[in-house]
Participant: 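One structure is given below, represented as structure tokens, and several questions about it will come after.
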There are 2 protein chains.
Amino acid sequence: MAETEAAAPTRRDRKKQQTRAALMAAALRLVDERGLEHVTVEDISEAADVSPRTFFNYFATKDDAVLGGPLPNGPSMHDRLLAVPADVPLVPAILQAMSADIAEIQSERDFWLTRLRVIRNNSSLLPLLIARGECAEQETVTAVAARTGLPADSLFPQLAATLTGAAFRTAMMRWATAGDNLYDLVRETFQVLETGLAPTHQEVMR
Amino acid sequence: MAETEAAAPTRRDRKKQQTRAALMAAALRLVDERGLEHVTVEDISEAADVSPRTFFNYFATKDDAVLGGPLPNGPSMHDRLLAVPADVPLVPAILQAMSADIAEIQSERDFWLTRLRVIRNNSSLLPLLIARGECAEQETVTAVAARTGLPADSLFPQLAATLTGAAFRTAMMRWATAGDNLYDLVRETFQVLETGLAPTHQEVMR
DNA sequence: GTAAAAGTTTGCAGCCTCTGCAAGTTCGGT
DNA sequence: ACCGAACTTGCAGAGGCTGCAAACTTTTAC
């Protein structure tokens with residue numbers, strides 16, 4: 001019963017989804033073409049065929065339309081990380097917990113490449129992306145704490161979350177520049193994290 | 001001659017410095033008390049006894065007044081990192097290059113504790129803090145590349161920069177919550193970075 | 001099928017941040 | 001003391017964003 005309800009989007013639901021997608025596509029395209037400072041909310045709304053007031057029913061800020069919402073639905077990072085078998089070392093476990101997100105990004109490659117290019121070309125957007133990531137990292141903190149038996153407010157779980165987040169973002173930006181397979185890039189950065197940041201055994205890296 | 005000129009601030013210089021400091025102090029205090037959304041540029045200017053138009057002669061945005069300018073002067077992160085003897089391992093070298101900044105933050109402890117509390121309580125400020133760090137990170141990339149002989153666009157220098165940046169931010173926010181000595185906290189987080197992110201030898205951490 | 005309820009869009013006014021412009025004021029140099 | 005440079009300030013306006021309420025669309029209940 002509850003499943004049937006969730007599976008049957010109404011015309012309303014569909015129209016909302018379409019409007020949201022249109023706004024995001026318009027924002028991304030226009031900012032890609034002209035730069036963030038030269039695109040107004042009115043421009044974006046016009047391109048998506050809604051009023052500016054409606055824009056703000058979908059996005060709190062202009063930047064949000066460019067950056068898009070969080071990655072959709074699915075189980076939380078917390079649940080995914082705890083679902084990885086306990087005998088998997090921590091960093092590979094985090095990678096595994098992220099693999100669905102990574103696959104989704106890879107499957108929408110063109111869209112994401114545009115988005116990341118826009119972020120790179122409009123410098124005010126990257127800190128926003130990073131800050132977003134850091135807020136979402138709280139789920140990772142609590143999951144790492146649960147896996148390791150450490151208190152959530154101790155250094156290690158927090159560090160694990162922020163460092164894997166930073167490594168992931170670094171891999172993303174490299175993928176956007178000249179990468180093929182996002183998963184491989186993330187795995188590579190995570191390996192550095194796992195073994196330690198020392199050039200002695202990293203100098204063979206490209 | 002040139003030195004005498006630099007050493008003798010005019011009344012103009014002194015007044016500018018005073019106004020700038022007054023604006024920053026007012027911004028920090030008011031936002032701490034009321035929250036960012038409830039403090040206007042007019043409030044801040046009024047408290048500092050200047051007009052709102054003058055405010056913008058000093059700061060590009062309201063947020064900038066709260067966060068203050070970048071850490072002052074001094075040699076770039078790039079220069080400092082390259083000045084560390086080449087036989088010092090990379091992560092300790094980065095820590096050493098940062099030590100002057102860390103000492104300065106520690107010496108203005110109360111001011112920074114207020115500032116970090118304000119950032120924590122007003123999450124829209126976090127991206128700005130991150131953006132501030134990014135300039136230093138870019139300088140770190142080029143310096144790491146020079147130290148290691150790797151190309152600046154290869155993975156390792158970029159990862160070194162983003163990971164030490166993230167580690168530093170984590171240490172800062174922990175220091176703001178319940179820390180005593182910022183340098184020790186940063187060193188601790190950097191040690192995790194150096195040896196690798198694995199709970200096996202980190203479980204003794206608090 | 002119809003009417004009412006619920007949800008969504010939209011126009012509008014206004015607050016706030018921020019910018020360019022130019023007149024007025026203060027400071028520094030001669 | 002005078003003049004030019006530097007700084008302050010008032011003003012108007014653009015753009016982002018919010019609350020409000022009327023109008024419109026879709027869904028629900030009978």
Side-chain angles (χ1 to χ4, degrees), chain A residues 1-2 4-24 26-28 30-31 34-67 69 122-125 127-128, chain B residues 1-2 4-24 26-28 30-31 34-69 122-125 127-128 131:
Chain A
M1 196 60 184
T4 307
E5 287 175 28
T10 60
R11 165 165 290 126
R12 274 205 160 115
D13 294 331
R14 276 182 273 116
K15 285 201 161 185
K16 281 183 62 173
Q17 185 72 289
Q18 279 170 5
T19 300
R20 186 181 178 85
L23 285 168
M24 280 165 60
L28 203 54
L30 292 173
V31 173
R34 310 182 195 166
L36 186 61
E37 316 301 327
H38 298 103
V39 177
T40 63
V41 166
E42 183 157 350
D43 295 332
I44 298 169
S45 310
E46 183 73 33
D49 203 27
V50 295
S51 83
R53 185 62 188 83
T54 299
F55 174 97
F56 290 105
N57 291 340
Y58 286 84
F59 299 101
T61 69
K62 185 171 99 170
D63 292 340
D64 281 344
V66 180
L67 291 175
N122 297 275
S123 59
S124 64
L125 292 175
L128 282 175
Chain B
M1 196 60 184
T4 307
E5 286 175 28
T10 60
R11 164 164 292 129
R12 275 205 161 115
D13 294 330
R14 276 180 279 119
K15 286 201 162 188
K16 282 184 63 175
Q17 186 71 288
Q18 279 170 5
T19 300
R20 185 181 180 85
L23 285 168
M24 280 165 58
L28 200 56
L30 291 172
V31 172
R34 310 185 195 162
L36 186 62
E37 316 302 326
H38 298 102
V39 176
T40 63
V41 167
E42 184 158 352
D43 295 332
I44 298 168
S45 309
E46 183 72 35
D49 203 26
V50 296
S51 82
R53 187 62 188 83
T54 300
F55 173 97
F56 290 106
N57 292 340
Y58 287 84
F59 299 102
T61 69
K62 184 171 98 170
D63 292 345
D64 281 342
V66 179
L67 288 178
N122 297 276
S123 59
S124 65
L125 291 173
L128 262 185

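Below, chains carry the letters A, B, ... as their sequence lines are ordered, and counting in each starts from 1.
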Participant: Listed by chain and number, what are the side chain to side chain donor-acceptor pair (under 3.5 Å) partners of Ser124(B), not counting sequence neighbours?
Facilitator: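 Applying side chain to side chain donor-acceptor pair (under 3.5 Å) to Ser124(B) gives none.
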Participant: Do His38(B) and Asp43(B) have side chains that approach each other closer than 4.5 Å (heavy atoms only, starting at C-beta)?
Facilitator: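 Heavy-atom side-chain distance check fails, nothing below 4.5 Å.
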Participant: Rounded to the Å, how far apart are Leu30(A) CG and dG15(D) P?
Facilitator: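 Rounded to whole Å, this separation is 14 Å.
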Participant: How would you list, by chain and number, every residue that makes a side chain to side chain contact (heavy atoms under 4.5 Å, CB included) with Thr19(A), sequence neighbours excluded?
Facilitator: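 Per chain and number, Thr19(A) pairs via side chain to side chain contact (heavy atoms under 4.5 Å, CB included) with Leu23(A), Val50(A), Tyr58(A).
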Participant: When you measure from every atom of DNA chain D, which of residues 40-48 of chain A have a heavy atom less than 4.0 Å away?
Facilitator: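 Output list: Thr40(A), Val41(A).
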Participant: Find out whether Gln17(A) and Asp13(A) are in side-chain contact, i.e. whether some heavy atom of one side chain is under 4.5 Å from a heavy atom of the other.
Facilitator: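 Gln17(A) vs Asp13(A): side chains apart.
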Participant: Quick one: salt bridge (charged side-chain N to carboxylate O under 4.0 Å, His left out) partners of Asp63(A), sequence neighbours excluded?
Facilitator: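 Asp63(A) satisfies salt bridge (charged side-chain N to carboxylate O under 4.0 Å, His left out) with no other residue.
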Participant: Under 4.0 Å from a heavy atom of chain A: give me the 5'-most and 3'-most nucleotides of DNA chain C that qualify.
Facilitator: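 Endpoints of the contacted stretch of DNA chain C: dA6(C) to dC12(C).
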Participant: Which heavy atom of Met24(B) sits nearest to which heavy atom of Gly68(B), and what is that distance?
Facilitator: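 Of all heavy-atom pairs spanning Met24(B) and Gly68(B), the closest is CE-CA, 3.8 Å.
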Participant: Please identify each residue that fulfils side chain to side chain contact (heavy atoms under 4.5 Å, CB included) with Ala26(A), with sequence neighbours left out.
Facilitator: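 Ala26(A): side chain to side chain contact (heavy atoms under 4.5 Å, CB included) contacts with Ile44(A), Ala47(A).
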Participant: Let me test you: for the helix from dG1(C)-dC30(D) to dT30(C)-dA1(D), what is the angle between the axes at its two ends (five pairs each), rounded to 10 degrees?
Facilitator: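 Axis angle across the helix from dG1(C)-dC30(D) to dT30(C)-dA1(D), nearest 10°: 20°.
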Participant: Can you name the atoms? Protein N/O to nucleotides 19-21 of chain D N/O, anything below 3.5 Å, with the distance.
Facilitator:
{"from": "dG19(D)", "atom 1": "N7", "to": "Arg53(A)", "atom 2": "NH2", "distance (Å)": "3.1"}
{"from": "dG19(D)", "atom 1": "O6", "to": "Arg53(A)", "atom 2": "NE", "distance (Å)": "2.6"}

Participant: Enter the distance from Ser45(B):OG to Lys62(B):NZ here, rounded to the nearest 0.5 Å.
Facilitator: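 So the OG of Ser45(B) and the NZ of Lys62(B) are separated by 11.0 Å.
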Participant: Take the protein atom CD of Glu37(A) and the nucleotide atom P of dA14(D), then report the distance between them rounded to whole Å.
Facilitator: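 From Glu37(A) CD to dA14(D) P: 18 Å.
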Participant: So Phe55(A), base contact, sugar-phosphate only, or nothing? Heavy-atom distance under 4.0 Å.
Facilitator: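 The answer is nothing, as Phe55(A) stays clear of every strand by at least 4.0 Å.
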Participant: How long is the gap from OG1 on Thr61(A) to CZ on Phe56(A), to the nearest 0.5 Å?
Facilitator: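 Taking OG1 in Thr61(A) and CZ in Phe56(A), the distance rounds to 8.0 Å.
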Participant: Taking side chain to side chain donor-acceptor pair (under 3.5 Å) as the test, write out the residues that go with Asn122(A), two or more places apart.
Facilitator: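 Counting only residues at least two positions away or on another chain, Asn122(A) forms no side chain to side chain donor-acceptor pair (under 3.5 Å).
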Participant: Could you give the distance from NZ (Lys16(B)) to CG (Asn57(B)), rounded to the nearest 0.5 Å?
Facilitator: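 Between atom NZ of Lys16(B) and atom CG of Asn57(B) there are 9.0 Å.
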Participant: Report yes if some heavy atom in the side chain of Leu128(A) is under 4.5 Å from a heavy atom in the side chain of Asp64(A); otherwise report no.
Facilitator: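 No, too far: nothing below the 4.5 Å cut-off.
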Participant: Among residues at least two apart in sequence or on other chains, which ones pass side chain to side chain donor-acceptor pair (under 3.5 Å) with Arg12(B)?
Facilitator: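 None.
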Participant: Across nucleotides 24-30 of chain D, 5' to 3', mark each nucleotide with B, S or - according to how protein heavy atoms within less than 4.0 Å reach it.
Facilitator: -BBS---
Participant: Identify, between Phe56(B) and Thr54(A), the residue whose nearest nucleotide on DNA chain C lies closer to the 5' end.
Facilitator: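 Here Thr54(A) is the residue nearer the 5' end.
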Participant: Identify, with sequence neighbours excluded, every residue that meets side chain to side chain donor-acceptor pair (under 3.5 Å) alongside Ser51(B).
Facilitator: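 So Ser51(B) forms a side chain to side chain donor-acceptor pair (under 3.5 Å) with Thr54(B).
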Participant: Rounded to the nearest Å, what distance is computed from the CG atom of residue Asn57(A) to the C1' atom of nucleotide dG16(D)?
Facilitator: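 These atoms are roughly 15 Å apart.
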Participant: Reckon Tyr58(B) has a side-chain N or O less than 4.0 Å from the OP1 or OP2 of dT8(D)?
Facilitator: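 Yes, such a contact exists.
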Participant: Could you pull out the closest heavy-atom pair between Leu30(A) and Val39(A), with the gap in Å?
Facilitator: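 Shortest heavy-atom contact: O-CG2, 3.4 Å.
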Participant: Any chance CZ of Arg11(A) has more than 12 other-residue heavy atoms, nucleotides or ligands included, within less than 6.0 Å?
Facilitator: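 Counting other residues, nucleotides and ligands, CZ of Arg11(A) stays at 12 neighbours or fewer.
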